[in-house]
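In what follows, a single structure is set out as structure tokens and then discussed.
Lettering of chains follows the sequences in order, A, B, ..., and the numbering in each one begins at 1. Since we're looking at a predicted model, the values are computed, not measured.
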Number of protein chains: 2
Amino acid sequence: MARRSHGDRRKTILRVAGRLFSQQGYYGTSIRDIAAAIRLHGGSLYAHITSKEELLWEIVDEAAQAFLSSLEPIVRSERSPLEKLRLAVAAHLQVVTERQDAAVVFNHEWKALSPRRRADILARRDAYEALFRQILQEGVEAGIFRADLNVPLITRFILTALNSVAVWYRPKGPLSPEQIAEAFTDWAVRGLRRCDPSEAP
Amino acid sequence: MARRSHGDRRKTILRVAGRLFSQQGYYGTSIRDIAAAIRLHGGSLYAHITSKEELLWEIVDEAAQAFLSSLEPIVRSERSPLEKLRLAVAAHLQVVTERQDAAVVFNHEWKALSPRRRADILARRDAYEALFRQILQEGVEAGIFRADLNVPLITRFILTALNSVAVWYRPKGPLSPEQIAEAFTDWAVRGLRRCDPSEAP
DNA sequence: CATTTTTGCTAACGAACGTTTGCTTAAATT
DNA sequence: AATTTAAGCAAACGTTCGTTAGCAAAAATG
């Protein structure tokens with residue numbers, strides 16, 4: 001058995017590429033930057049990867065899967081719209097904080113993909129947003145959320161606010177992902193619900 | 001009198017550079033891209049600019065000024081925290097929609113600046129966020145907003161949600177900046193206030 | 001009208017880019 | 001131990017990058 005399997009090395013490269021793409025952007029990161037970060041020469045990377053764009057694709061594709069697969073079961077479940085929303089926020093923040101670099105790259109660097117792959121990612125971004133929107137829509141239709149909400153607009157506001165956590169979150173910071181989720185939900189949900197008398201002073 | 005003054009040409013370059021930096025990123029846009037967009041050759045730009053980074057700096061610096069100078073008088077005014085917040089949201093969205101490209105570049109491309117300029121912009125970003133935070137803080141201290149708000153956190157959520165408008169807003173779209181401001185404020189403020197009985201069904 | 005200034009072109013610079021090629025060393029397999 | 005396979009290096013490929021230099025046309029100025 002090898003101390004390091006082929007896949008280990010590849011995962012290291014993906015991890016480092018994700019970190020650098022997230023910090024400096026795709027075009028701001030050279031193959032030699034990635035190689036230097038693991039003490040290799042530029043050309044040596046090509047024993048493990050086929051192209052720079054392939055690296056970006058793998059990072060972005062995996063992030064898309066992570067987001068979608070964490071939200072789908074929540075939307076499909078039989079819970080109330082309000083509980084679905086709480087769970088969706090928590091799930092989104094879990095992906096964002098556990099795969100922080102990938103989340104940043106997924107949100108900001110997909111434009112650098114080839115047209116075909118860019119379209120693929122865009123479609124999955126849209127699908128994810130549609131799932132989230134569906135939760136809000138169900139809440140409105142169930143009479144739990146206010147009828148005058150601009151659901152697509154508020155959905156965007158919620159998702160971009162949540163995504164921004166990927167930029168500033170630090171695992172050693174004062175707030176855990178769960179605390180962030182709670183603070184966000186407490187604020188955001190209060191703006192969605194028809195008035196809850198228990199909130200009165 | 002000239003049909004085109006020196007400054008006109010320069011402003012055209014800045015406008016086009018802003019559009020391309022916003023669409024493709026700073027590193028994803030070459031000097032030749034910018035030149036080609038106004039039917040010039042790459043080298044010809046240097047009759048009007050001194051460097052590519054200077055272009056980025058001018059765009060980002062002007063955006064920083066626009067944001068700060070629109071928010072400062074609101075924060076300094078004698079209005080209630082609630083009204084300050086409404087005005088701040090509207091002002092932010094006005095800058096974001098009127099100078100859409102500059103706003104996107106200001107938010108996403110400042111990392112490409114030299115360390116000195118990056119620090120300058122970061123300081124002004126922080127100052128802007130602090131002004132916004134101050135409005136929320138005043139609201140909490142005045143007893144208008146809930147005491148259990150995590151003010152710095154909510155401030156970030158609000159600002160990033162508002163900034164995202166720069167990415168998707170289209171002047172010919174269905175929503176005017178004022179309508180976006182209203183929808184956002186209606187939602188966000190309801191989550192901040194201690195319960196308002198007039199909102200009950 | 002003569003002259004200075006501005007504007008843009010062509011061509012080129014050195015540097016950095018993503019990627020390929022041979023060769024060498026190290027590891028895994030038989 | 002012999003042999004196959006993988007990993008990494010050094011060097012170079014052709015291209016593109018930001019930028020500069022020298023020259024020509026055009027415009028503004030006197």
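Looking only at side-chain heavy atoms (C-beta outward), A:Arg76 and A:Glu72 come within less than 4.5 Å of each other.
In this model, the phosphate group of D:dA7 is not approached by any side-chain N or O of A:Ser44 to a distance below 4.0 Å at OP1 or OP2. The side chain of A:Arg9 contributes an N or O atom lying less than 4.0 Å from OP1 or OP2 of D:dG8. For the pair B:His48 and C:dT6, the criterion of a side-chain N or O lying under 4.0 Å from OP1 or OP2 is not met. Side-chain N/O atoms of B:Ser30 include one lying less than 4.0 angstrom from OP1 or OP2 on D:dC17. Residue A:Tyr46 has no polar side-chain atom (N or O) positioned under 4.0 Å from OP1 or OP2 of C:dT20. Not one side-chain nitrogen or oxygen of A:Arg32 sits closer than 4.0 Å to the OP1 or OP2 atom of C:dT19.
Nucleic acid contact class of A:Leu40 (heavy atoms, under 4.0 Å, all strands): sugar-phosphate only. A:His41 comes within 4.0 angstrom of sugar-phosphate atoms only, judged by non-hydrogen atoms across all strands, and of no base. Residue contacts shown for B:Thr29 are limited to sugar-phosphate atoms, with no base heavy atom under 4.0 Å away.
For A:Glu138 and A:Arg79, the salt-bridge test fails: no basic side-chain N is under 4.0 Å from an acidic carboxylate O.
Atom pair A:Glu54:CD and C:dG18:P shows a separation of 15 Å (rounding to whole Å applied).
Considering B:Phe67, B:Phe21, B:Trp57 in turn, B:Phe67 is the only one that fulfils the ring-ring contact (aromatic ring centres under 6.0 Å, His included) rule with B:Phe106. Between A:Asp61 and the choices A:Arg124, A:Arg117, A:Arg118, the salt bridge (charged side-chain N to carboxylate O under 4.0 Å, His left out) rule is met once, by A:Arg124.
Positionally, the nearest nucleotide of DNA chain C for A:Asp33 lies more toward the 5' end than for the other of A:Gly43 and A:Asp33.
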